[in-house]
Amino acid sequence: MTDDTQTTLVSIGELARRTGLAVRTLRFYCDEGILDACRSVGGHRLFEARTAVERVLLIKRLRALGLGLASITEVLRRERSIAEAVAEESARLDVEMRTLAWRRASLRAVEAASPTGRAERLALLAAAQDGGSAHESLVRFWLGTLAPIPPDDVEGWIGWNVPRPPIDPSVEEVVAYAALVAMVSDPALKVIVRQQYWRGRAELVRDPRELYGRIGDVMADVVPLVSAGVRPSGGRELDRFVDAHAGARGECDTPRFRARLLDEATDGDQRIHRYWTLTEQLLGARITVGRAHDWVYRALVDSLGR
């Protein structure tokens, strides 16, 4: 046997010594097809020293980073780069860490509950076992509420108004998020929120997509007013809101139509207020469409002197 590792064949025991791996591990890699070997006359595994050592050390180092054999095999077969495999594993760990952070906050939330309220809190948190599925529940609720508007058209709306699960939630945040999920599981909430958004006689709306766009424009202009603390009152924003609803139904903005909008309103329902209060707890200073709608509702009340 020479020192020329480019042509030298080594036994599995020698390869184990050079790489620091157990013989049984090397046999496993051979059986899995990720380590090549030839056979001696006596049937023993032999490895080309330089290539085998480099390959085994690469496998060892990638395994130390937590990569699975499937990803490592793709790297060895040049089906993906090391950078790509590492990036995928990093993304997987991000998801796992968020899941663990959510579970930790949930456990602490149960611990923090009073003895008499612990069972109720446990039931609440069980409905939102992880942030990802909890967020999906909220998104499904709003897609259904805003229907028949296509999902692609409401993507921006959802991105602004539906809070994403905090990466490292506090006890208060995980409880608030779970409470939102519990609320949207109640079919009654969808009914009253649809009524708030589309108003009465939604079946008469000739072009929901156009109405959605016009109302969205109004809300975009109301948000700065809410942020600046402007008192709700009649004016351009309210006129555009009423005109959008009236025009969508083939009617005109009249005192009678405004009164009907108010009589059919569900804006004062405490469930709606609770939903947006919880949402704002998670979104911080962001002005939600819920607050903008409430501003317009109060301006409508003011314009009718109620």
Side-chain angles (χ1 to χ4, degrees), residues 102 105-106 108-110 112-114 117 120-128 130-131 133-146 154 156-199 215-216 218-233 237 241 262 264-302:
W102 188 274
S106 297
R108 290 175 176 173
V110 174
S114 65
E120 181 180 354
R121 177 162 291 184
L122 185 60
L124 176 69
L125 294 170
D130 67 87
S133 61
H135 181 257
E136 289 174 5
S137 296
L138 300 184
V139 170
R140 283 196 303 271
F141 170 81
W142 283 108
L143 288 177
T145 299
L146 296 174
V154 301
W157 191 102
I158 288 175
W160 183 262
N161 295 286
V162 177
R164 288 196 168 275
I167 294 176
D168 188 11
S170 65
V171 166
E172 293 76 17
E173 287 172 332
V174 80
V175 170
Y177 215 105
L180 284 176
V181 173
M183 290 190 73
V184 300
S185 67
D186 181 1
L189 182 68
K190 183 176 179 180
V191 172
I192 62 172
V193 173
R194 276 187 63 84
Q195 178 78 1
Q196 180 195 32
Y197 198 91
W198 296 109
R199 302 292 156 173
I215 294 301
V218 173
M219 295 303 150
D221 290 339
V222 168
V223 164
L225 301 180
V226 176
S227 182
V230 176
R231 180 179 176 275
S233 60
E237 290 75 24
F241 176 83
L262 195 56
E264 296 166 344
T266 57
D267 301 74
D269 194 295
Q270 289 305 308
R271 289 167 292 185
I272 290 178
H273 288 286
R274 174 165 168 72
Y275 178 90
W276 288 113
T277 296
L278 290 169
T279 297
E280 289 160 11
Q281 182 178 332
L282 293 158
L283 291 177
R286 186 183 305 175
I287 305 299
T288 64
V289 74
R291 288 185 65 185
H293 267 288
D294 186 64
W295 190 96
V296 172
Y297 167 71
R298 294 179 184 279
L300 180 61
V301 171
D302 181 76

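Because the structure is predicted, anything quoted here is derived from the model rather than measured. Counting begins at 1 with the first residue of the sequence.
Between D302 and R298, none of the side-chain N atoms (NZ, or NE/NH1/NH2) sits under 4.0 Å from a carboxylate O, so this pair counts as no salt bridge. Using a cut-off of 4.0 Å between Lys/Arg side-chain N and Asp/Glu carboxylate O, R274 and D269 are scored as not salt-bridged.
When side chains are defined from C-beta on, S106 does not count as touching V175, because their heavy atoms never get closer than 4.5 Å. Within the 4.5 Å cutoff, side-chain heavy atoms of R271 are placed close to those of I192. W142 is not listed as a side-chain neighbour of V154, based on a closest heavy-atom distance of 4.5 Å or more. Contact annotation: the side chain of L125 approaches that of V174 to within less than 4.5 Å [non-hydrogen atoms, C-beta and beyond]. Considering only heavy atoms from C-beta on, V296 stays 4.5 Å or farther from E237 through its side chain.
Separation of the H293 and Y197 ring centroids falls under the 6.0 Å cut-off.
In this structure, CG in N161 is found 11.5 Å from CG in L138, a value given to the nearest 0.5 Å. For the atom pair E173 CD and I167 CD1, the distance stands at 11.0 Å (nearest 0.5 Å). Within the model, atoms CG of L146 and CZ of F141 stand 9.0 Å from one another, a figure rounded to the nearest 0.5 Å. I272 CD1 to Q195 CD: the interatomic distance, rounded to the nearest 0.5 Å, is 9.0 Å.
No side-chain donor-acceptor contact under 3.5 Å links E120 to the backbone of G117. Under the 3.5 Å distance criterion, the side-chain polar atoms of W295 are left unmatched by any main-chain donor or acceptor of G290. In terms of modelled atom types and a separation under 3.5 Å, the side chain of R121 and the main chain of V110 share no donor-acceptor contact.
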| request: Take Y275 and V184 through the test side-chain contact (heavy atoms from CB on, under 4.5 Å) and record every step on the way to the result. | output: CA-CA 9 Å; Y275 178 90; V184 300; 3.8 Å; yes

| message | Using side-chain contact (heavy atoms from CB on, under 4.5 Å), reason through T266 and V191 one step at a time and then give a plain yes or no. | response | CA-CA 10 Å; T266 57; V191 172; over 6 Å; no

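Contact detail for H135 and P163: the closest heavy-atom pair is CD2-O, 3.4 Å.
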I'd like a table of donor-acceptor pairs (distance under 3.5 Å, sequence neighbours excluded) in which one partner is a side-chain atom from residues 218-233, with atom names and distances.
{"from": "D221", "atom 1": "OD2", "to": "R240", "atom 2": "NH1", "distance (Å)": "2.7"}
{"from": "D221", "atom 1": "OD2", "to": "R240", "atom 2": "NH2", "distance (Å)": "3.2"}

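In this structure W160 satisfies the ring-ring contact (aromatic ring centres under 6.0 Å, His included) test with no other residue, sequence neighbours excluded.
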